[in-house]
Each structure stands twice: as structure tokens, then as C-alpha cells.
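Beneath this line is the structure, given in C-alpha cells, with notes to follow.
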Amino acid sequence: MAKTESPQSPQSASTLDEIRATRLDKVKQLQEAGLNPFAYRWDVTDHAADLQAKYADLAPGEEVEAEVAIAGRILARRVFGKLAFFTLQDETGTIQLYLDKKVIGQTMTDQPDAFTHLKQLTDVGDLLGVKGTLKRTDKGELSVKVQDYAVLTKALLPLPDKWHGLTDVAKRYRQRYVDLIVNPPVRETFRKRALITSAIRRYFEDRGFLEIETPVLQGEAGGAEARPFITHHNSLDMQLYLRIATELHLKRLIVGGFERVFEIGRIFRNEGISTRHNPEFTSIEFYQAYADYHDFMALTEDLIASIAQSVLGTTEITYQGTPIDLTPPWRRVSMHDLVKEHTGLDFHQFESLEQAKGAVAALGIANGDGCDSLGRLLNEVFEQQVETTLIQPTFLIDHPVEISPLSKPHRSQPGVVERFELFIAGRETANGFSELTDPIDQRQRFEAQAARKAAGDLEAQGVDEDFLTALEYGMPPTCGEGIGIDRLVMLLTDSASIRDVIAFPLLKPDRAEEGMES
RNA sequence: GGGUCGCUAGCUCAGUGGUAGAGCAUUCGGCUUUUAACCGACUGGUCCUGGGUUCGAAUCCCAGGCGACCCA
């Protein structure tokens with residue numbers, strides 16, 4: 001097309017390329033006027049939301065003398081001949097700019113074309129710095145009556161429709177920066193996420209826990225059942241894994257004498273993507289010497305209730321339309337009892353795996369084909385029949401030993417361990433247990449895992465010999481727990497998808513690979 | 001992995017076999033109290049990609065891509 005041959009002064013612009021060319025031309029015009037369309041700084045003394053709150057009582061038509069200086073992005077322009085109203089958005093909110101040619105002409109004497117530039121060379125999307133006084137217009141809108149302004153950054157690309165915004169979900173995730181500009185609730189979600197993470201960190205620091213960072217790159221990926229990402233270190237020429245948990249290293253620190261440690265960090269699991277799963281996600285794991293799983297259930301109730309209270313101001317929340325009461329105490333019920341309650345099956349009474357499989361098959365409630373033990377079958381039935389029904393916060397406790405290779409055996413019940421999983425809104429949100437400290441038992445558990453791995457279970461762990469050595473030096477009785485920060489943030493921000501609480505979730509490339517034939 | 005739905009202008013969406021549409025944005029003109037400003041004029045398209053059927057495909061068929069939801 002020969003249409004774009006005259007970029008100097010496009011007569012009209014509609015396609016993205018044409019809009020961009022028009023704006024580049026405005027950049028040039030600003031530069032020719034001696035102005036920098038990509039400025040260095042602005043003295044920001046005020047923010048929109050603060051001003052809105054502080055002057056909430058200012059009556060229509062009233063003005064105040066105090067000078068304010070703010071900066072932000074132009075979200076809307078309403079331009080008249082010698083008067084203009086812009087809506088400016090900063091991190092806190094929006095405020096209207098009252099741009100009067102007369103006022104600007106009197107104060108910006110060194111820029112005789114200042115008002116004309118405002119009308120002709122600024123666009124929705126540009127970043128603007130302004131100084132002025134405050135007035136509430138006759139129509140009741142608090143406004144900065146601008147005396148001085150500068151284009152701080154000229155935007156070359158247009159923002160989405162001011163009314164309908166950006167709704168294309170894929171585009172929202174791929175271009176989160178645009179999503180954040182035009183969808184204020186998205187900013188609020190990430191603001192809350194930061195508050196939640198900060199509150200969690202403060203909670204543990206206030207109780208004497210030390211945050212100690214452990215390796216992401218590991219020779220053996222342990223501490224959970226999950227497929228790891230594999231990478232390679234060139235100069236050592238060795239295969240490394242990205243961590244699937246922080247557990248085994250934090251427990252080494254407990255062996256080393258720290259009594260309370262935690263780590264908030266990124267975990268990587270090479271598994272599917274869904275509304276509840278992202279390949280990299282954030283967990284907090286924390287460990288306390290001389291404590292057991294009863295202590296940590298109490299701690300968890302208090303932690304999550306106090307986070308909700310401090311961030312949301314309440315412990316009674318609504319998640320996707322369902323009321324959820326986070327007020328402690330929460331129900332504690334064993335996996336055996338809960339499965340019995342929902343299905344009538346009493347796994348304590350089965351004498352063989354075959355008998356149990358027969359009973360499960362007779363009810364037609366779960367596919368236990370892949371289960372090689374009573375404990376795994378019990379877990380399978382739980383996951384298929386019970387898990388999603390646990391809406392109100394519930395501690396599922398005393399899991400089968402077969403699915404809990406790092407937990408201490410129950411002090412009075414054979415076959416189960418001292419473990420709890422917290423379910424809220426049908427989702428596992430936390431997992432903790434009295435830590436297995438017996439190195440002989442731990443070796444047997446690892447070897448059982450290794451055998452599964454050898455048999456083709458890609459989620460099974462290998463034997464971590466160095467961790468066993470650490471245990472042989474002696475680990476104090478300890479309780480440990482991990483909480484999925486993303487899922488907790490989903491719950492507290494009423495977000496349906498984990499992608500709504502991860503700023504830059506992993507996405508498939510949005511174009512087909514064209515390099516296949518080359 | 002299976003099923004359903006979606007993909008058309010920068011954005012939000014109509015268009016179900018016969019000339020590719022609207023609103024907003026953009027561009028131009030007007031306007032000193034607007035706030036989805038208004039009034040007038042204009043501009044803007046690989047209809048996700050590739051193949052097929054047809055005189056003719058955004059539309060029907062096949063394959064693929066990306067996404068949403070549901071199921072496993």
C-alpha cells in the first residue's frame with residue numbers, strides 16, 4: 001500500500017500503524033517546540049485518592065489556594081475551544097484536570113502555545129505532570145485547576161475503548177500492563193497480594209521466625225510429589241532441577257540449630273496449567289522446632305484469620321458467591337472419617353486392597369485402578385468424592401502413610417501420620433505435619449518412593465542421601481507447613497483463576513511456530 | 001486427554017452463502033462547566049491460519065493455532 005508514504009502529516013488515522021505514525025509526528029512537534037516528550041522527572045507532592053479524600057467536603061464552585069502537584073496518565077479528554085477537562089489517573093485513582101486557556105496563558109508565559117499543545121499534541125494514554133490549585137467545579141467534580149504542566153511521556157499506542165475497556169482475557173494476560181492501566185480492580189488485586197505477602201512475612205518475623213533462602217537449583221528435586229523442570233549447568237556439566245518445594249533444605253536448617261525458619265519463594269512444577277495451577281507459583285514454608293501438628297493447626301487458623309482481618313477487615317468473606325467464614329476454630333476431621341461420612345466406606349475395616357477396590361467399584365464412585373495400596377485408594381476416593389465439598393475451612397488430618405513420605409507416624413494410630421491439609425473453597429490451601437525425624441524410617445520411605453520412580457512414577461522422589469545424613473546428626477521434634485500463597489490470594493481477592501493473581505502467568509506463544517518447515 | 005463455545009477495524013461488538021457494518025477511539029472543523037461531553041465531516045479490514053465445497057465463503061466442510069468454560 002502506498003498510503004503510508006506521507007507520514008509527515010497524516011490526514012487521518014485509524015489503523016494501529018496510522019495512529020502510531022500520528023503520535024510519532026506529535027513527538028516530533030513537541031521536540032521542535034523545545035519540549036521533551038520523554039521527560040526526566042516531576043515533583044509529585046500529591047496523589048489523586050488522597051486529594052479526593054482530603055477535599056471531600058469542598059462545595060461545588062469552591063476553590064482552595066494550596067498548590068498541588070501530581071502526575072499520571074490521561075484517561076479521558078473533553079476539549080472545548082478555550083477550556084478542557086482531562087481525567088488523570090495515578091496509582092491511587094483519578095482526578096479531573098481543569099485546563100483553562102486563560103489561566104495557563106498567565107502562568108506559562110515562557111510557552112505561549114501551551115494550551116494549543118494541550119489540545120493538539122496530547123492524547124489519551126499520555127503521562128502528564130501538572131501543578132495547580134484545587135477547585136470543585138460547578139458540576140461537583142474535584143479538579144486540579146492547572147497552572148503549569150508538562151508532557152512527561154508521549155504514548156505511541158492507543159488505549160482500549162474507554163467505556164468497554166479490555167475484556168479479551170488472553171490479551172489481558174499477555175499485555176498485563178494494558179490490563180493494569182484500564183482495569184482498576186486488577187491493580188487492586190495485586191495491591192492486596194502485596195499486602196497479604198507482607199502481612200504473612202510480618203506475622204512470622206513477629207514470632208521469631210527467620211527467613212532464610214534456600215537453593216532453587218538442586219541436584220535432587222525433593223520435598224513433594226511433582227514433576228520437576230530440568231536444567232543444566234554448563235561449567236559443572238551437571239543436570240540440575242528447579243525446586244518443587246523448599247522443605248528439605250529448611251529442615252536442614254532446623255538440624256543446624258535454627259528453631260524457627262521460613263521462606264517465601266517461587267516453586268516450579270512441570271505440570272499442567274489450569275485455573276488453579278501455574279508452573280511457577282509462590283509458597284511459604286515454615287518450620288518450628290519442638291512443635292507438633294496440633295500447634296500448627298492453631299497457628300494456621302490464627303494466621304489466616306488475622307491476615308483476612310488486616311487486609312479485608314473481616315474474617316467473613318465471599319468467594320465466587322459463596323460465603324466463607326474464616327473465624328477460628330475450624331473443623332478437624334480425619335481422612336478416614338470424612339470418606340466414611342461421604343461414602344459410607346470404612347477403610348479401617350478393609351483387610352485387603354482387593355476388598356477395598358471391590359467396595360469402591362461397587363459404589364462406582366472412583367477409579368482406583370492405579371492405586372497400589374489401601375492408603376492411596378483412600379486418598380483417591382477422598383479426592384474424587386470429598387475434596388470439592390470442603391467449602392468452609394477444614395483441616396483434613398491423619399493421612400495414610402503411603403502418601404506422606406516426610407511425615408511422622410501418628411503417635412497412637414497405626415498406618416496414618418500426623419499430618420493436616422487445609423481445605424477452603426474445595427481447594428488445598430495448606431499442608432503441614434509433624435516432621436519425620438527418624439532417619440531409618442525416612443530412608444525406608446525414600447526407598448519406597450525411589451521404587452515408584454523406577455516403576456515409572458514421574459512424580460515420585462529419589463533418595464536424598466545428604467538429607468538423610470542431616471537427619472542422622474539429629475533433628476529436633478519439629479512441625480513444618482507449606483501454604484500456597486497464590487491460592488490464599490485467590491481466596492482473599494475473590495479471584496476465579498490463579499492467572500488473576502499472578503501478574504505475568506505462563507502462556508502459550510500466541511502465534512503458530514512458522515519455523516516448522518525451515 | 002475429552003466435550004462445548006469463542007476469535008470480524010486500535011477497543012467493544014453486529015453480520016449464517018450474494019458489494020464488510022455500528023458505537024467508541026483516530027483525523028479535520030466548531031465550542032469556556034464537561035465527566036461515555038456535544039454538533040458536523042471523514043478515515044480505517046490478512047473477517048485467527050491453511051486447505052476444501054461453490055459461479056460466489058466472514059458465513060458451509062476439514063485440519064491447525066490461541067483462548068474461555070465444563071468433564072476426566
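In what follows, chains are A, B, ... by sequence order, proteins preceding strands, each numbered from 1.
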CA sep, side-chain torsions, deciding dist, call: A:R227, A:R269, side-chain contact (heavy atoms from CB on, under 4.5 Å): CA-CA 6 Å; A:R227 292 183 65 174; A:R269 295 186 180 174; over 6 Å; no
CA sep, side-chain torsions, deciding dist, call: A:E141, A:R136, salt bridge (Lys or Arg N to Asp or Glu O under 4.0 Å): CA-CA 5 Å; A:E141 189 74 30; A:R136 190 173 291 281; over 6 Å; no
Report, one line per pair, each donor and acceptor closer than 3.5 Å where one atom sits in a side chain of residues 336-347 of chain A; sequence neighbours left out.
from: A:D337; atom 1: OD2; to: A:S334; atom 2: OG; distance (Å): 3.4
from: A:E341; atom 1: OE1; to: A:R331; atom 2: NH2; distance (Å): 2.7
from: A:H342; atom 1: ND1; to: A:L338; atom 2: O; distance (Å): 3.2
from: A:H342; atom 1: NE2; to: A:T389; atom 2: OG1; distance (Å): 3.2
from: A:T343; atom 1: OG1; to: A:V339; atom 2: O; distance (Å): 2.7
from: A:T343; atom 1: OG1; to: A:L345; atom 2: N; distance (Å): 3.0
from: A:D346; atom 1: OD1; to: A:H348; atom 2: N; distance (Å): 3.0

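Heavy-atom distances under 4.0 Å link RNA chain B to A:Q96, A:Y98, A:D100 of residues 92-100 of chain A, given in residue order. Contact check of residues 55-62 of chain A against RNA chain B (heavy atom, cut-off under 4.0 Å) returns no residues at all.
Not counting sequence neighbours, A:E67 has no partner by the side-chain hydrogen bond (donor to acceptor under 3.5 Å, both in side chains) test. Qualifying side-chain hydrogen bond (donor to acceptor under 3.5 Å, both in side chains) partners for A:Q320, counting only residues two or more places apart in sequence or in other chains: A:D494. For A:S274, the side-chain hydrogen bond (donor to acceptor under 3.5 Å, both in side chains) test picks out A:H277, with sequence neighbours left out. Qualifying side-chain hydrogen bond (donor to acceptor under 3.5 Å, both in side chains) partners for A:Y241, counting only residues two or more places apart in sequence or in other chains: A:Q239.
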Under 3.5 Å, which N/O atoms of the protein pair with N/O atoms of nucleotides 68-72 of chain B?
from: B:rA68; atom 1: OP1; to: A:R499; atom 2: NH1; distance (Å): 2.7

If you restrict it to nitrogen or oxygen atoms, what contacts under 3.5 Å exist between nucleotides 6-12 of chain B and the protein, and what is each distance?
from: B:rG10; atom 1: N7; to: A:S14; atom 2: O; distance (Å): 3.4
from: B:rC11; atom 1: OP1; to: A:K171; atom 2: NZ; distance (Å): 2.4
from: B:rC11; atom 1: O2'; to: A:D161; atom 2: N; distance (Å): 3.1
from: B:rC11; atom 1: O2'; to: A:G165; atom 2: O; distance (Å): 2.7
from: B:rC11; atom 1: O2; to: A:D161; atom 2: OD2; distance (Å): 3.0
from: B:rU12; atom 1: OP1; to: A:T167; atom 2: N; distance (Å): 3.1
from: B:rU12; atom 1: OP1; to: A:T167; atom 2: OG1; distance (Å): 3.3
from: B:rU12; atom 1: OP1; to: A:D168; atom 2: N; distance (Å): 3.2

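Sorted by first and then second residue, the ring pair (Phe, Tyr, Trp, His ring centres under 6.0 Å) pairs with a member in residues 355-386 of chain A read A:F382-A:F423; sequence neighbours excluded. Among pairs with a residue in residues 90-111 of chain A, those fulfilling ring pair (Phe, Tyr, Trp, His ring centres under 6.0 Å) read A:F85-A:Y98, at least two apart in sequence or across chains. For residues 104-140 of chain A, no residue pair satisfies the ring pair (Phe, Tyr, Trp, His ring centres under 6.0 Å) rule, not counting sequence neighbours.
A:K54 NZ: 12 or fewer foreign heavy atoms inside a 6.0 Å radius.
Distance A:E18 CD to B:rC42 P: 17 Å, rounded to the nearest Å.
Dashed line: the shortest gap from a side-chain N or O of A:R174 to OP1 or OP2 of B:rG67 is under 4.0 Å.
In this entry B:rG67 has B:rC5 as its Watson-Crick or G-U wobble partner, both defining distances falling under 3.5 Å.
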